[in-house]
Amino acid sequence: MSRTGDAPETRSAALARYGILDTAPEAAFEDVVRLASMLLEMPVSLVSLVESDRQWFKARIGFDRAETTLAESICAHAVQQDGLFVIPDTTRDPRTANNPLVTGTPHVRFYAGMPLHAPEGTALGTLCVLDVKPRELTEAQAFILRTLAGQVMTELNLRRALRERRASDRHNAAIIESAIDYGIITLDLTGLVTSWNVGAERILGWTEAEIVGRPAELFFAEEDRLRGLAEHEMRVARELGRANDERWHVRKDGTRFWAMGEMMALKDEDGSHIGYLKILRDRTAQRQAEDALIKQTTLLQTVTDHLSEAVIRLTRDDVVTFANPAAEAMLGWPNGSLIGRNLHDTAHHHHADGRPYPRETCEVVRSLKSGEALRERETTFFRQDGTPIDVVTNNAPIIEDGLVQGAVLTLTDITERKAAGARLSRSEERLALALNASGMIGTWDWDLREDVIYADANFARIYTVDPERAALGAPLADYIRNFHPDDMGRFQAELDRLFAGAREFACEYRIVQPDGSHRWVIARGSLVRAADGTPLRFPGASVDITERKRAEERQAALVELGERLRESQDPAEIAFVAAEIAGRTLGLTRAAYGTLDPSGVYLDVIRDWTLPGVASLVGRHRYDDYGSYLPELRQGRDVVIADVEQDPRTAGYPEGFRALDVRTVINLPLMERGQLVAVFCLHDSKRRDWTPDILDFVRNVVDRTRAAVARLRAEEQQELVNRELSHRMKNLLAMVQSIATQTMRTAVDVDTAKEVLAGRLIALGQAHDLLMGGALGSTLIGPVVRGALKLHEDQAGRFRLDGPDLEIGAKPALSLALMLHELATNAAKYGALSQETGHVSIRWEVRDEAGEPHLALSWTEVGGPPVTKPARKGFGSRFIERGLAGQVGGTIALDFPPDGVTCAIAAPLSAFQADS
């Protein structure tokens, strides 16, 4: 039974999934053809795979050649069938009678082929047998051929499954190797290491070659090894599915690190336990930060527990009735000399700056009278000699019989602590900022009294200041000299806002680096003020947000690209917009979009984007002048070269790159139906390391560019289809009118007219089906010509055909039929067919031109009205001249001599016989 068939590109894609073409002989397939030949008693047996331009034999017996062209292929007919395809006598079948394998060696006379269908339904080829004499195939032989074809397909599907499994394994391995922050380790059932990713090597120090085959407990701490913790983890993972831990581990060099880990049981497809998966993440920095915080808290608690506090008991009138030795020592009074004294008048009657401190405003006195407690109030007391001391006060009221009788006052001398705090506050504040700000990489402390900035090494590196100088203190000018000029105003405005009273400083700005690039930072800090509000210090921290900003810039660039591409209606403009946005966003010197010439060795660049002063890439460039990477592009692989002087693909071609001032290159291929058609080029004059996020951005730009160009092509194609449908509808209506007119003109009565008109309209519908069907496969030129002209043949002799029967491809056949239809329609309207005595002569022949066979076809109108060349060409005339030429090339000459329209066509026979 015949089937619609599979498009060559569909079959090529299906064959690619099997990876079978041009592979070495394999016993499984060789045994099948040997068995087929023996059981069916045929001299030739083949496993044939049909590509778009050839048939290739995976296994063969009795046939010397490894492949043939499609013109020689009988299997190309077989793959169009649903079931077994048999030709008892090839000399009697029009599809094979002129086949070179039939007319010449090996003189095939019998063919039987069973299509090999992939699970998706695509026919990949056939298992076929051939004989040099005509014969028939018995039912038993047909059953054998079908069965053996099934065995071939089973082998092919097994090969495909194994190939896809290997690809999946490679993909999973790539994912594991990219997780460099995690150590991913697999173990066998005994706890020996079987694999070790890049992250494990970075964290633990051993390479995979050094560790595979050794026990996992090698990187466990000694105390954990003695406890048998590795075996315990495996047992828990085996019984519960996973085992979590967080503890110390050991690197190759013996150092320890704190890690968070998880062990899981590995199982195969049937659920059998085959090993373990161990995942480690280095958490040493977090553990050290937590330990430091605990130590600091413990230290503060210890200090608090051992502070020397003054304890004083007061009456409601603020008279001292008890003072412990610590109180007397703190205030500088001899033992017992404070008793009976008014505390306010003795030690708290004025501020530290000498201003009076009236009794009615004194918080201690007011709390004594109200019975309210005071908690942690900082104030100033005075020693007997007048020296001020800073204290923290706590006042607990004494209630007797429901009445306030006085209070117990505690004083904590914080004078020394405040002084020490002033000295230590810089480091404490910087540490707090570092612990609470994710990604913090640099801290500073600006001493406003000395007007110098103390900074750590990371901060100095960002601002390109010598680290030793930064640690000792450098002036502000050393840092702001590298500020980006456009950001200086914003920085100064934020600084002014802080000194005007804002609680926090926060500003994003750029720092220019020595190579001319810049880094983005966000700086945060706050002022430390004296008691009277005078600014003393400005500590803070800077976070390097360069990568985040660049990611935002790239995202904004993609948004801009999408908006501009929607507005573009010209492919060249689309290419330029993509190049401009990619080059500008990545800070490159040049970006261009070029197309491959028909030979596939030259890149044609019509327009590019460059920085001012950079040479343009516009023009034709031969890839061989710039390196050896063109084969990679043709395979659809990205070419990323960090340094053209070091990469082996380009190191031997310095002249071309130096002429363009290129040091680093990215070439991204644009493929259509597996063919390289264009390249997106990015250049920079300095060496660059292309990170995955940059490559993802560039690929995104290329994908959007490709989509935009495809959109324009689709719109153009749709417009052409709409115009052609409109034109065809008009012609169809004109033909209906012409048929009706001719019928009524020659009919002898109404019934006869109805019968004739109905027949002609049916013929019109059949011709329309021929023109619009576009069937796959090849066909003979004679039926194509006759079918296209049938509806205009209102009487015998209208068309006089002369030419040999030969096969032409489906698409050239359709184009030829459309062109003949247009010629005949015009002839019926204005030319020879508009006269009852007129006719058209159509001749075709194959002749040799420059050593290559060409098909020549001529159309000549005879007996029509005098011809006048039209003043302009309508759609139909343009279609006649361009439609078939666009399909097969060659020449089409449409002429208008007075005695009748002529049209001559000449093109290579191979173009007419092509199936696509």
Side-chain angles (χ1 to χ4, degrees), residues 554 557-558 560-562 564-565 568-630 632-634 636-644 647 649-650 653-672 675-688 690 694-710 712-713:
R554 291 193 286 270
L558 291 177
E560 178 190 356
L561 176 64
R564 294 178 63 182
L565 290 185
S568 299
Q569 298 299 320
D570 177 55
E573 177 64 20
I574 287 175
F576 175 74
V577 167
E580 175 201 349
I581 291 177
R584 170 165 44 84
T585 303
L586 298 178
L588 304 174
T589 56
R590 182 187 297 106
Y593 177 95
T595 57
L596 269 290
D597 79 309
S599 71
V601 297
Y602 291 95
L603 184 72
D604 293 324
V605 179
I606 299 176
R607 190 178 178 190
D608 64 354
W609 174 90
T610 67
L611 284 177
V614 175
S616 172
L617 198 65
V618 171
R620 170 163 286 191
H621 301 269
R622 190 168 70 113
Y623 260 106
D624 287 349
D625 294 338
Y626 298 93
S628 59
Y629 53 83
L630 181 56
E632 297 179 48
L633 293 173
R634 286 176 173 162
R637 293 159 53 191
D638 298 343
V639 174
V640 181
I641 299 176
D643 190 339
V644 297
D647 194 286
R649 294 169 292 183
T650 54
Y653 304 82
E655 295 81 5
F657 290 111
R658 287 175 185 167
L660 295 172
D661 192 20
V662 174
R663 187 69 181 271
T664 188
V665 169
I666 290 182
N667 275 202
L668 274 73
L670 278 79
M671 312 294 289
E672 289 186 1
Q675 298 295 317
L676 177 66
V677 297
V679 179
F680 199 74
C681 307
L682 302 176
H683 295 167
D684 205 351
S685 58
K686 57 182 179 297
R687 188 191 187 283
R688 292 184 64 158
W690 300 100
I694 292 178
L695 294 177
D696 287 343
F697 167 74
V698 176
R699 292 187 185 103
N700 207 328
V701 170
V702 172
D703 289 343
R704 295 182 184 213
T705 304
R706 181 189 297 114
V709 173
L712 286 184
R713 290 177 178 172

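Residue Ser628 comes nearest to Tyr653 through the heavy atom pair N-CE1, 4.2 Å, listed as atom of the first residue, atom of the second, then distance. Summarising the geometry of Leu588 relative to His683, their closest heavy-atom pair is CB-O, 3.3 Å, with the distance given to 0.1 Å. Taking every heavy atom of both residues into account, Arg687 and Ala642 meet most closely at CG-O, 3.3 Å. The minimum heavy-atom distance between Tyr626 and His621, with the atom names listed, is OH-ND1, 3.2 Å. Of all heavy-atom pairs between Leu558 and Asn700, the closest is CD1-ND2, 3.5 Å. Closest heavy-atom contact between Pro669 and Leu633: CB-O, 3.6 Å.
With a 4.5 Å cut-off on side-chain heavy atoms, Leu695 and Val640 count as touching. Between Thr595 and Ile606 the shortest side-chain heavy-atom distance does not fall below 4.5 Å. By the 4.5 Å heavy-atom criterion applied to side chains, Lys686 and Thr589 are not counted as neighbours. Between Cys681 and Val605 there is no side-chain heavy-atom pair separated by less than 4.5 Å. Counting heavy atoms from C-beta on, the side chains of Thr585 and Glu560 never come closer than 4.5 Å. Side-chain atoms of Val701 and Leu561, non-hydrogen and from C-beta on, do get closer than 4.5 Å to each other.
Distance CD/Glu580 to OG1/Thr610: 11.0 Å, rounded to 0.5 Å. Rounding to the nearest 0.5 Å places CZ of Arg704 at 14.0 Å from CZ of Arg564. The CZ atom of Arg634 lies 7.5 Å from the CG atom of Leu676; values are rounded to the nearest 0.5 Å. We find the CZ-CD1 distance between Phe576 and Ile581 to be 10.0 Å, quoted to the nearest 0.5 Å. Going from atom CH2 of Trp609 over to atom CG of Leu617 covers 13.0 Å, rounded to the nearest 0.5 Å.
With hydrogens and angles ignored, the 3.5 Å screen pairs a side-chain donor or acceptor of Arg590 with a backbone N or O of Ala615. The main-chain N or O of Val601 is found under 3.5 Å from a side-chain atom of Asp597 such that the two form a donor-acceptor pair. Judged by distance alone, with hydrogens and angles left aside, the side-chain atoms of Arg649 form no donor-acceptor pair with the main-chain N or O of Val639 at under 3.5 Å.
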Subject >> Stepwise side chain to side chain contact (heavy atoms under 4.5 Å, CB included) test for Ile641 and Tyr629 >> reply: CA-CA 10 Å; Ile641 299 176; Tyr629 53 83; 4.2 Å; yes
Subject >> CA sep, side-chain torsions, deciding dist, call: Leu586, Leu682, side chain to side chain contact (heavy atoms under 4.5 Å, CB included) >> reply: CA-CA 10 Å; Leu586 298 178; Leu682 302 176; 4.3 Å; yes
Original post:
Between Tyr623 and Asn667, does a side-chain hydrogen bond (donor to acceptor under 3.5 Å, both in side chains) hold up when you go through it step by step?
Top reply: CA-CA 11 Å; Tyr623 260 106; Asn667 275 202; 3.2 Å; yes
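When each of Leu670, Ile574, Leu668 is checked for a side chain to side chain contact (heavy atoms under 4.5 Å, CB included) with Arg706, only Leu670 meets the rule. Considering Asp625, Val665, Thr664 in turn, Val665 is the only one that fulfils the side chain to side chain contact (heavy atoms under 4.5 Å, CB included) rule with Phe657.
Salt-bridge formation is not detected for the pair Asp684/Arg663: no Lys NZ or Arg NE/NH1/NH2 atom is positioned less than 4.0 Å from an Asp or Glu carboxylate oxygen.
For Leu611, the CG atom counts as densely surrounded, since its 6.0 Å shell holds more than 12 non-hydrogen atoms of other residues, nucleotides or ligands.
Using a 3.5 Å distance cut-off with no hydrogens or angles, the side chains of Ser616 and Asp608 do pair a donor with an acceptor.
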